[in-house]
Amino acid sequence: MVSVVLVNYRQAALTEAAVRSLRVNSAGVDMQIIVVDNASGDGSAERLRANCASCVVLDAGANRGFAAGCNIGIRRAPSDGAGAVLLLNNDTEVEPGFLPPLLDAVRDGRTIATSKIVFADNPDRVWYGGGHVDRRRGGFYHETEAKNADVPRDVTFASGCCLLLPASFFEKCGLLDESFFLYYEDAELCLRAQKAGFRIRYEPRSAIRHKVSASTGGDGSATAAYYGTRNRLEVMRRYRFPLRAFAFVLASRLVRAVTSPHGLARLSGIRDYFRGRLS
């Protein structure tokens, strides 16, 4: 069995659409869908229980962030006999037959796998077609070139938007790091997985459509600016990126603090990183 974990913040309609696509496009797969409502406050949990009766709907009790929300679902999965757990953003819809290629990729118990991800409003445009870590610049990059997006390969960075992990991963590496709260928990997980000897496999035969940041307010929000700055620096520190990478990231964040919106949020992220404030 594979357990699919989605975290709902608000807008239950987004999660309902994701669940419908899973049901329609994963026929024949032994699958359980677990939805964790992250204190949405808009009646989403009740609506999901009513409209997604075949799902397990759990209450986080408070907005504990994406990583903690995922972990609540992951902790439930083993008791239900799951051999693998799929982390899937609730603002996605899956394409037909997307799950078997991922399951094939992780069958050896030493691989985690991710899908080709396209923009929901423009499926010809690639949002994630593989990814890599640039240690010189402290970057975690989505590869978006269409010519490479259909090439299956090992990668060094996979987005937490869609990530299939065998049960052996959690046994060896543990859960997502909840101190990140939001953003870069996937980057930390990828580096931790590779350090433990896991491969990361990009499988374009598996495809999903992403309504980018529809549930969190967008990549240009103050929340994204703060956590994106703080957590990027923390990942770099833990995995010993070179000093020139820190200098590059700090300089670029300071420039953006002056020249783009949410400058105070970026500065707060830098401040809290140096103060060791992670929550």
Side-chain angles (χ1 to χ4, degrees), residues 66-67 70 86-89 92 98 101-102 104-106 108 110-119 122-166 169 172-173 176-177 180 182-210 212-213 219 224-225 227-253 256 269 273:
F66 177 74
C70 286
L86 176 72
L87 305 180
L88 186 68
N89 276 20
T92 61
F98 94 106
L102 296 181
D104 287 343
V106 306
D108 64 359
R110 303 297 303 168
T111 302
I112 63 180
T114 188
S115 303
K116 176 182 177 180
I117 306 172
V118 299
F119 285 83
N122 184 4
D124 292 329
R125 184 182 171 201
V126 177
W127 185 77
Y128 175 90
H132 67 275
V133 179
D134 183 346
R135 294 185 64 88
R136 295 172 303 170
R137 293 189 165 204
F140 302 85
Y141 296 110
H142 291 203
E143 296 164 13
T144 59
E145 290 290 332
K147 64 181 180 181
N148 296 323
D150 292 324
V151 180
R153 60 194 183 277
D154 286 358
V155 296
T156 54
F157 169 65
S159 170
C161 178
C162 179
L163 195 58
L164 184 69
L165 303 117
F169 172 84
K172 185 164 186 178
C173 299
L176 278 73
D177 189 324
F180 285 89
L182 189 69
Y183 295 113
Y184 283 91
E185 66 287 308
D186 51 4
E188 192 281 329
L189 182 147
C190 287
L191 290 169
R192 184 167 20 126
Q194 291 166 96
K195 187 176 180 180
F198 284 81
R199 299 165 59 212
I200 304 173
R201 188 68 177 171
Y202 169 67
E203 180 46 77
R205 291 180 299 160
S206 172
I208 67 171
R209 300 187 182 200
H210 189 201
V212 178
S213 299
D219 289 334
Y227 286 109
T229 298
R230 189 197 71 172
N231 293 350
R232 183 176 176 182
L233 290 166
E234 176 62 15
V235 172
M236 292 165 59
R237 181 193 68 80
R238 289 190 191 182
Y239 292 92
R240 302 191 178 194
F241 280 53
L243 287 176
R244 64 181 177 182
F246 279 91
F248 176 83
V249 172
L250 284 170
S252 66
R253 296 304 96 176
R256 293 193 69 184
Y273 162 73

Residues passing the salt bridge (Lys or Arg N to Asp or Glu O under 4.0 Å) test with Arg135, sequence neighbours excluded, are none

Applying side chain to side chain contact (heavy atoms under 4.5 Å, CB included), name anything that partners Asp186, two or more places apart in sequence or on another chain. Phe157, Ser159

Taking ring pair (Phe, Tyr, Trp, His ring centres under 6.0 Å) as the test, write out the residues that go with Phe241, two or more places apart. Phe140

Please report the C-alpha distance between Gln194 and Thr156 in whole Å, then the side-chain angles of each, then the deciding distance to 0.1 Å, and finally whether the side chain to side chain contact (heavy atoms under 4.5 Å, CB included) criterion is met. CA-CA 8 Å; Gln194 291 166 96; Thr156 54; 3.6 Å; yes

Taking every heavy atom of Phe169 against every heavy atom of Ala193, the minimum-distance pair comes out as CE1-CB, 3.6 Å

Sequence neighbours left out, what passes side-chain hydrogen bond (donor to acceptor under 3.5 Å, both in side chains) with Arg205? Give chain and number order. Glu203

Side-chain heavy atoms of Leu165 within contact of Val106, under 4.5 Å: no

Quick one: do the Asn89 and Thr92 side chains pair a donor with an acceptor below 3.5 Å? no

Do the non-hydrogen side-chain atoms of Val249 and Arg232 ever get within less than 4.5 Å of each other? yes

Applying side chain to side chain contact (heavy atoms under 4.5 Å, CB included), name anything that partners Ala196, two or more places apart in sequence or on another chain. Lys172, Cys173, Phe198

Flag the pair Leu163 / Leu88 as yes when at least one side-chain heavy-atom distance between them is below 4.5 Å, and no otherwise. no

How far apart are the closest heavy atoms of Pro204 and Pro152, and which atoms are they? CD-CA, 3.5 Å

Minimum-distance pair of heavy atoms, taken over all atoms of Asn231 and Tyr184: CB-CB, 3.7 Å

Rounded to the nearest 0.5 Å, what separation is found between the CD1 atom of Ile200 and the SG atom of Cys190? 4.0 Å

Report the C-alpha distance between Ser115 and Leu102 in whole Å, list the side-chain angles of each, state the deciding distance to 0.1 Å, and finish with yes or no for side chain to side chain contact (heavy atoms under 4.5 Å, CB included). CA-CA 8 Å; Ser115 303; Leu102 296 181; 3.5 Å; yes

Ion pair Glu185/Arg192, N-O distance below 4.0 Å: no

Less than 4.5 Å apart, any side-chain heavy atom of Leu87 and any of Leu164? no

Residues in ring pair (Phe, Tyr, Trp, His ring centres under 6.0 Å) with Tyr128, at least two apart? His142, Tyr202

Rounding to 0.5 Å, atoms CZ (Arg153) and CG (Asn148) come to a distance of 5.5 Å

Excluding sequence neighbours, so at least two apart, what forms salt bridge (Lys or Arg N to Asp or Glu O under 4.0 Å) with Arg201? Asp154

Who pairs with Tyr141 by side-chain hydrogen bond (donor to acceptor under 3.5 Å, both in side chains), at least two apart in sequence or on another chain? none

Under the salt bridge (Lys or Arg N to Asp or Glu O under 4.0 Å) rule, collect the residues that match up with Arg137, sequence neighbours excluded. none

Could you please spell out the steps behind the side chain to side chain contact (heavy atoms under 4.5 Å, CB included) verdict for Lys116 and Ser206? CA-CA 6 Å; Lys116 176 182 177 180; Ser206 172; over 6 Å; no

Sorted by chain and residue number, the salt bridge (Lys or Arg N to Asp or Glu O under 4.0 Å) partners of Arg209 (sequence neighbours excluded) come out as Glu95

Heavy-atom closest contact (Thr111 atom, Pro166 atom, distance): O-CD, 3.3 Å

Please determine if Asp134 and Arg136 form a salt bridge, counting it only when a charged side-chain N lies under 4.0 Å from a carboxylate O. yes

So, for Gly131 and Val155, which heavy atoms are closest and what is the spacing to 0.1 Å? O-CB, 3.3 Å

I need the single residue from Val212, Ile208, Val118 that forms a side-chain contact (heavy atoms from CB on, under 4.5 Å) with Trp127. Which is it? Val212

Any chance you could lay out the side chain to side chain contact (heavy atoms under 4.5 Å, CB included) test for Cys162 and Leu86, step after step, and finish with the verdict? CA-CA 7 Å; Cys162 179; Leu86 176 72; 4.0 Å; yes

Are Arg230 and Glu234 within salt-bridge range, i.e. N to O under 4.0 Å? no

Smallest separation among heavy atoms of Glu143 and Val126, with atom names: O-CG1, 4.1 Å

Which residues pass the ring pair (Phe, Tyr, Trp, His ring centres under 6.0 Å) test with Phe246, not counting sequence neighbours? none

My understanding is that only residues two or more places apart in sequence, or in another chain, count here; which of them pass ring pair (Phe, Tyr, Trp, His ring centres under 6.0 Å) with Phe248? none

